[in-house]
Amino acid sequence: MGVVVPFKSQLIDQAHHLAAKDPGRPLQANLRRAVSGAYYALFHCLVADVTGLMLGQNKEAQPLRHVMARTFGHTEMAEASKSFSKAVSKGFVQLHDSIRDCIPSRAIHPGVATMCSAFVVLQEARHKADYDLSERLSRNECVAFVQRAEGAIQAWNAAARDPSARAYMLSLLMWKKMRRD
């Protein structure tokens, strides 16, 4: 049996492949799919980490993780990511009280900040790539998006056990409910 490559890694590899494909004048379809793949690598990285944290990584929990994964909303995840990004740039008070209370250091790990920022930027880029066909994408622009996603995943991996990462993971799933308090 071979090594199982995580889905996020498969998506990054595919995005790199699509962004580099077609020497000379790249096809817009390939560049747009590369941007989309880079965004979905972040999305699936976070969903896998949250479901693994909440339900465990063992094989018996796999069906539960799949069910839980379907409950994540792109908009809700972007709102949580924007809020965490604002907390980095404008101060910790930008976060809801219940989230601030989960982060004893009152600091957001740089890897969390990198992931939040990349998630917001790449979600916006994916929307443009998927829905705004009036604008042509360049290979360099797409490669930069893929590299940003790859860097965000690496930064996230270094931060995933930090209390701010765990608070962020919780907020990805429950942002709307937490904002009602």
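Only a predicted model underlies this, so the values are computations on that prediction, with no experimental measurement involved.
Side chains of Ser164 and Asp162: a donor on one and an acceptor on the other come within 3.5 Å.
Remark: of the listed residues Ile103, Leu53, Val112, Leu53 is the sole one forming a side chain to side chain contact (heavy atoms under 4.5 Å, CB included) with Arg166.
You'll find the ring centres of Tyr39 and His74 inside the 6.0 Å limit. Residues Trp156 and Phe119 keep their aromatic ring centres 6.0 Å or farther apart.
Contact check for Val88 versus Cys116: no side-chain heavy atoms found under the 4.5 Å cut-off. Residues Pro163 and Pro104 have side chains in contact (heavy-atom distance under 4.5 Å, counting atoms from C-beta outward). Looking at Val143 and Gln147, their side chains come closer than 4.5 Å, going by heavy atoms from C-beta outward. For the pair Val121 and Phe145, the minimum side-chain heavy-atom distance is below 4.5 Å.
Ring geometry for His127 versus Tyr131: interplanar angle of 30 to 60°, hence tilted.
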Report task. Assess whether side-chain contact (heavy atoms from CB on, under 4.5 Å) is satisfied between Tyr40 and Phe7, documenting all intermediate values. Result -> CA-CA 10 Å; Tyr40 277 106; Phe7 192 55; over 6 Å; no
Report task. Evaluate the criterion salt bridge (Lys or Arg N to Asp or Glu O under 4.0 Å) for residue pair Arg32 and Asp132; output intermediate values, then yes/no. Result -> CA-CA 10 Å; Arg32 291 172 186 282; Asp132 184 2; over 6 Å; no
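Contact detail for Ala152 and Leu42: the closest heavy-atom pair is CB-CD2, 3.9 Å.
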